[in-house]
There are 2 protein chains.
Amino acid sequence: MTTLSNETSPLSAPLTDRIFDLLQDSIIKGEIPAGSKISEPELAKAYGVSRGTLREALSRLEERHLIVRSPNHGARVISFSYEELIDTYQIREVLGGLACSLAAQNMTGDEIGELRRLLDEHEKSIEEDHGLSYYQKEGELDFHYRILQGSRNKKLLVILDGGLYQLIRMYRYQFSTASPRPYLALKEHRRIVDAIEERDSELADLLMRRHIRTARINVEERHKNAMTKGADKG
Amino acid sequence: MTTLSNETSPLSAPLTDRIFDLLQDSIIKGEIPAGSKISEPELAKAYGVSRGTLREALSRLEERHLIVRSPNHGARVISFSYEELIDTYQIREVLGGLACSLAAQNMTGDEIGELRRLLDEHEKSIEEDHGLSYYQKEGELDFHYRILQGSRNKKLLVILDGGLYQLIRMYRYQFSTASPRPYLALKEHRRIVDAIEERDSELADLLMRRHIRTARINVEERHKNAMTKGADKG
DNA sequence: CAAGACAATTATGTCGACACTTTTATTTTA
DNA sequence: TAAAATAAAAGTGTCGACATAATTGTCTTG
């Protein structure tokens with residue numbers, strides 16, 4: 001059971017919307033490889049829709065920066081630059097902190113309770129499969145998503161959930177490189193919930209920032225290793 | 001002379017892109033009123049393009065949350081909620097701070113010089129027309145935009161310039177309510193540049209946050225007054 | 001055989017048309 | 001006359017087609 005906002009559009013929704021969802025998911029999961037060129041006729045045929053319908057979806061994807069289009073040359077899936085990932089983490093750090101600080105002010109007791117329950121679930125999930133699958137890939141974002149909702153700031157939700165998280169999910173899928181420290185992360189999560197429960201927004205902000213910073217540094221380390229170890233082409 | 005990133009797409013660009021730019025501008029400036037319904041056939045005719053072309057632009061506008069679409073009912077220009085504006089300012093506060101702190105680390109001496117020159121221009125502009133026109137509507141965002149570029153964080157640029165600033169511009173146009181304290185703002189800007197020049201990223205962050213917070217509080221005050229004074233309908 | 005010119009193919013940009021929904025106008029009926 | 005039923009109009013969702021630009025493949029020529 002997931003609570004991630006990735007509500008795939010219902011079957012009653014316009015075709016364009018469903019195509020958009022499908023495409024976005026495919027891109028994030030790497031089923032359409034990063035950097036690959038997109039052929040409109042081909043895709044349209046694959047999904048069984050007209051090119052016009054597809055193009056509307058592509059326009060939205062472009063606006064989300066999941067694809068890049070150049071006039072008369074077609075669209076490509078974004079190719080993943082390490083720098084951009086780090087950029088994303090930097091932003092996530094301050095926005096995550098803000099979300100948390102607001103959540104400490106605005107979340108209801110019930111919501112906080114649910115948050116705790118979610119963390120318990122995560123703990124079980126980690127124990128069961130040694131922290132290898134769901135939790136690390138999606139579950140953690142689930143936690144962040146709840147806090148985001150608790151912040152009561154709609155714009156925050158749009159920016160993080162509608163844009164930044166996607167990138168991070170994409171990164172995790174493509175390098176299958178989920179957090180190598182699930183228990184530690186869980187502990188940090190628990191501390192954050194504590195701060196929220198105590199309505200200590202300043203502390204909540206600080207803990208969340210630190211949590212995300214740690215994750216970023218982790219990525220940076222991993223990258224450094226990959227650089228010295230693998231062939232450094234490019 | 002402006003430096004705002006609102007580069008209107010060249011005449012060689014695909015029609016869709018130009019329509020998108022035109023529409024976005026019209027919405028922001030209130031030429032297409034907030035909350036008004038959009039008729040595809042009508043708009044298409046007005047701009048002399050086919051509906052398909054227009055719809056691609058609308059899809060992008062929707063993704064930018066400048067319009068809202070509901071299936072089979074058409075699109076409406078977003079209507080401006082005070083809460084969302086405040087939400088936006090909260091986000092801008094932390095992101096502006098981040099941008100500034102990064103700018104202090106990454107901006108070149110030349111760029112800082114240009115920033116100073118820009119502020120001198122602004123000062124002149126304020127003196128000339130008593131701070132009534134350009135500077136307050138667009139010029140200030142110009143300043144922020146430079147810093148954004150100096151941060152070297154592309155994602156930041158996308159989020160702020162491509163999303164949040166629009167909302168603030170829209171608000172300013174529609175309530176023609178530019179900063180009532182141009183000289184003070186200018187002073188704050190100068191201090192920020194000082195901090196950047198001294199490579200004091202912590203101070204730069206703090207000053208920028210405070211600057212934006214002040215602007216937000218200003219909006220809040222204005223809103224309170226409007227509430228107690230005007231008829232409180234709704 | 002390599003390099004450039006030309007032809008054929010494919011892809012993108014843009015349009016007009018049709019089906020089905022929603023809204024508006026009109027007519028019927030209580 | 002007001003409300004319900006029905007018809008007309010307008011609007012959105014989706015498609016297929018054509019023009020033009022880009023790419024690929026082929027043929028010429030040095």
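Predicted model, so just to flag it, every value in this text is computed and none were measured. Here is the naming used below: chain letters follow the sequence lines, and residue numbers restart at 1 for every chain.
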Quick check on A/Lys37: does its NZ atom have over 12 non-hydrogen neighbours (other residues, nucleotides or ligands) under 6.0 Å away? yes
Quick check for you: name the first and last nucleotides of DNA chain C, 5' to 3', having an atom under 4.0 Å from a heavy atom of chain B. C/dT14 to C/dT23
Atom CZ in B/Phe20, atom CG in B/Leu66: separation rounded to 0.5 Å? 7.0 Å
Pick base, sugar-phosphate or nothing for A/Gly52, based on heavy-atom distances below 4.0 Å to the nucleic acid. nothing
Ion pair present between A/Glu111 and A/Arg146, side-chain N to carboxylate O less than 4.0 angstrom? no
Rounded off to whole Å, could you give me the CZ-to-C1' distance for the A/Arg51 and D/dT14 pair? 14 Å
Please tabulate, one pair per line, each protein N/O and nucleotide N/O from nucleotides 20-23 of chain D that are separated by under 3.5 Å, including the distance.
residue: D/dT23; atom: OP1; partner: A/His73; partner atom: ND1; Å: 3.1

Can you list everything that forms a salt bridge (Lys or Arg N to Asp or Glu O under 4.0 Å) with B/Glu31? Sequence neighbours excluded, please. none
Between A/Leu23 and A/Leu43, is there a side-chain heavy-atom distance shorter than 4.5 Å? yes
Please enumerate all residues that pass ring-ring contact (aromatic ring centres under 6.0 Å, His included) together with A/Tyr82, with sequence neighbours excluded. A/His223
Looking at A/Arg152 and B/Asp87, does any basic side-chain N land under 4.0 Å from a carboxylate oxygen? no
The criterion is salt bridge (Lys or Arg N to Asp or Glu O under 4.0 Å); which residues satisfy it with A/Arg51, sequence neighbours excluded? A/Glu40
What residues from residues 35-43 of chain A pass a heavy-atom cutoff of under 4.0 Å to DNA chain D? none
Would you please indicate if the ring centroids of B/His211 and B/His189 are separated by under 6.0 Å? yes
For the pair made of NZ in B/Lys45 and C1' in D/dA10, what is the distance, rounded to whole Å? 13 Å
If only side-chain N and O atoms count, and only distance matters, is there a donor-acceptor pair under 3.5 Å linking B/Gln24 with B/Arg64? yes
